[in-house]
Number of protein chains: 2
Amino acid sequence: MSSEFAFIDRLRLLATDPAARGLDDDVAVLGDLVLTHDMIAEGVHFLPTDPPASVGWKLVAVNLSDLAGKGAEPLAALMGMTLSGDSEWDDRFLAGVAAACETYGLSLVGGDTIALPPEAPRVLSLTAVGRGGNAIPSRSGGAPGDALWLAGTLGDAALGLKTLRDDSESEGPLVEAYRRPVPQLAVGKLLAPYATAMMDLSDGLLLDSSRLIAASKCGAEIDLDALPLSRAFIAELGSDRRAKLTAATGGDDYALLAALPPDFDPLSLSLPARTILARIGTLTTGEELRLFDAAGQVPLPEQLGYEHRTQDC
Amino acid sequence: MSSEFAFIDRLRLLATDPAARGLDDDVAVLGDLVLTHDMIAEGVHFLPTDPPASVGWKLVAVNLSDLAGKGAEPLAALMGMTLSGDSEWDDRFLAGVAAACETYGLSLVGGDTIALPPEAPRVLSLTAVGRGGNAIPSRSGGAPGDALWLAGTLGDAALGLKTLRDDSESEGPLVEAYRRPVPQLAVGKLLAPYATAMMDLSDGLLLDSSRLIAASKCGAEIDLDALPLSRAFIAELGSDRRAKLTAATGGDDYALLAALPPDFDPLSLSLPARTILARIGTLTTGEELRLFDAAGQVPLPEQLGYEHRTQDC
């Protein structure tokens, strides 16, 4: 167990309030409000060479993605930012925050700005508050037999990051996916009333799926062939088993993973145009995560996702 | 105007929701909920040599002090923390968080833990949510004629920090005041129904007073001789004009500053034992902050407080 997971376990001992949902979820629920708090750090969650506006966008979007995973509507946000000493950077960052807030109807209502020691990497935090619907799905309500659905495509952002690491001047849809994730708010809201369990994917499908089934105390079978891949991803990496495993273990997807009753067809909902929604598997008895493709069972890769990066709770 | 204040002004353009209170306040108000978000950074708000448990305590206490300034009762918190790679530090930090949460009835309900690049200073954030009473005083409701009252003593923490900078092994009440501030929650709740304006002091009495009168569009006269000083402060620095100016400009007091109607005597309230509550001045017409002592008017010091440190909004 990494020290990070050990630390989360100690946090759990503190978080006994029902609003904390045992920290098994990545949000807290206070009445009909859904609250989430994410931090991003330079050199960890974004690159020093990323355009500052994209960093501002990303800070807002990753928090909104947590709200999307609970079907909540964006309401208000408090932002914590470290002034970088580079006021042009700060201004452009703020323009990105503003663009995302305006796009998704999130009001910035407060926060804190602090100075950091010189040379320290920027650290930015945001607390987003959303209003949940009648049902606010947790990670823990899934049951054997439920169908696993995925909204969005996989692997684009991880591939975009790899491209940027090779050449920080790279552009294109994969780089955009990494820098400007799109929170699946509309789909999340439509799925929430039906979902037995739902979450957004930030650390890779396989790692996040393993969290969902651990919270739901069940297992899962995932069909690699059913994973939705973008044209840009396929153009770059192809769509063989290896490419699919790369897609299933890359972070920063901000797709939604939902467990739905087996007889419910989410494609019957009035989904926004161009929604990508695919049935990728089934929850099972036991507690194992198992992968399949046309050739049969596929061994789980050693690393399921971005374990070291972050742990929402 | 420092780039920090210019930045806050740009933030204000984004924060048009009434819940933001124009960022003139250090909290946001959503229905009966009061939300605040403060960040603290190693080397800026705490010393690398500070005991980790005191850092955890402080992170919670500075946020609770914002709630105290609005008379709100602590409800829930989301914490963002950077794992330091030193699990003993992290554990002891968490013990301090737990102690403060337990002392003040705050439930930790979620948050985020992230890794930072090696050698980066720790940055810790907390969003505290409180439940406000019937009246949630802002900074902007003060009017000429209101009496200015202060709950708590001044200058202890700033002197404690100075002591620690000279010798990181120092101990005593001044060091404790710096490391383990006490949020004035009970007094804040008692004063809130009567206060025309109220706030907690984080950046020094004179600087924070100037913010209160700017928001209230009035002036103020403060009587230096009325400032409450602790015995430990007086033992160290005396109580002459210079000592009082030091107390009035030091940060990290986490005392409460309240404007109250002139005919209202807060000493008639059922205050907790050992509450220190002093009338320190009066709100006036105009927009000036003026200081007096027994010898007459005292020129304002060049630096009113800890301008570079932080700006709550």
Side-chain angles (χ1 to χ4, degrees), chain A residues 3-4 6-8 10-11 14-17 19-21 23 25-28 30 33 35-45 75-76 78-83 87 90-91 94 97-98 101 107-117 120-121 123 125 127 129 308-313, chain B residues 3-4 6-8 10-11 14-17 19-21 23 25-28 30 33 35-45 75-76 78-83 87 90-91 94 97-98 101 107-117 120-121 123 125 127 129 308-313:
Chain A
S3 73
E4 184 174 333
F7 184 78
I8 301 283
R10 282 189 291 278
L11 272 177
L14 283 184
T16 53
D17 191 291
R21 293 186 159 196
L23 300 189
D25 219 329
D26 49 2
V27 299
L30 287 179
L33 296 183
L35 292 95
T36 182
H37 178 73
D38 275 358
M39 281 178 127
I40 61 176
E42 190 172 44
V44 181
H45 306 90
L75 195 61
L78 293 95
M79 179 170 69
M81 80 167 278
T82 53
L83 289 175
S87 66
D90 295 342
D91 281 355
L94 201 54
V97 169
C101 284
S107 299
L108 191 65
V109 296
D112 196 13
T113 61
I114 64 167
L116 276 190
V123 178
S125 65
T127 294
V129 182
H308 60 290
R309 199 184 61 89
T310 175
Q311 174 64 15
D312 261 343
C313 56
Chain B
S3 72
E4 184 173 334
F7 184 78
I8 301 283
R10 283 190 290 279
L11 271 177
L14 283 184
T16 53
D17 191 291
R21 294 187 158 195
L23 300 189
D25 219 330
D26 49 0
V27 300
L30 286 178
L33 296 183
L35 292 95
T36 182
H37 178 73
D38 275 359
M39 279 179 127
I40 62 176
E42 191 172 43
V44 181
H45 306 89
L75 196 61
L78 294 95
M79 179 170 70
M81 79 169 277
T82 52
L83 290 175
S87 66
D90 295 341
D91 281 356
L94 200 55
V97 169
C101 284
S107 298
L108 190 66
V109 297
D112 196 14
T113 61
I114 64 167
L116 275 191
V123 178
S125 65
T127 293
V129 182
H308 61 288
R309 198 183 62 87
T310 174
Q311 173 64 13
D312 260 344
C313 56

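Naming: A, B, ... by sequence-line order, numbering from 1 per chain.
- Options A:D91, A:V97, A:V129 differ in how many heavy-atom pairs under 4.5 Å they form with chain B, and the most are formed by A:D91.
- Within the 4.5 angstrom heavy-atom criterion, atoms from both the backbone and the side chain of B:A120 approach chain A.
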### Query
B:L33 and A:L33: side chain to side chain contact (heavy atoms under 4.5 Å, CB included), yes or no, with the steps?
CA-CA 11 Å; B:L33 296 183; A:L33 296 183; 3.4 Å; yes
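- Highest contact tally toward chain A, considering only B:T82, B:L35, B:L94, B:L75, is held by B:L94 [criterion: heavy-atom pairs under 4.5 Å].
- Contacts of B:A41 classified as side chain to side chain contact (heavy atoms under 4.5 Å, CB included), with partners at least two apart in sequence or in another chain: A:I114, A:L116, B:V44, B:H45, B:V123.
- Residues A:H37 and B:S125 bring a donor and an acceptor atom of their side chains to less than 3.5 Å of each other.
- Residues that satisfy the side chain to side chain contact (heavy atoms under 4.5 Å, CB included) test with B:A98, not counting sequence neighbours, are A:L14.
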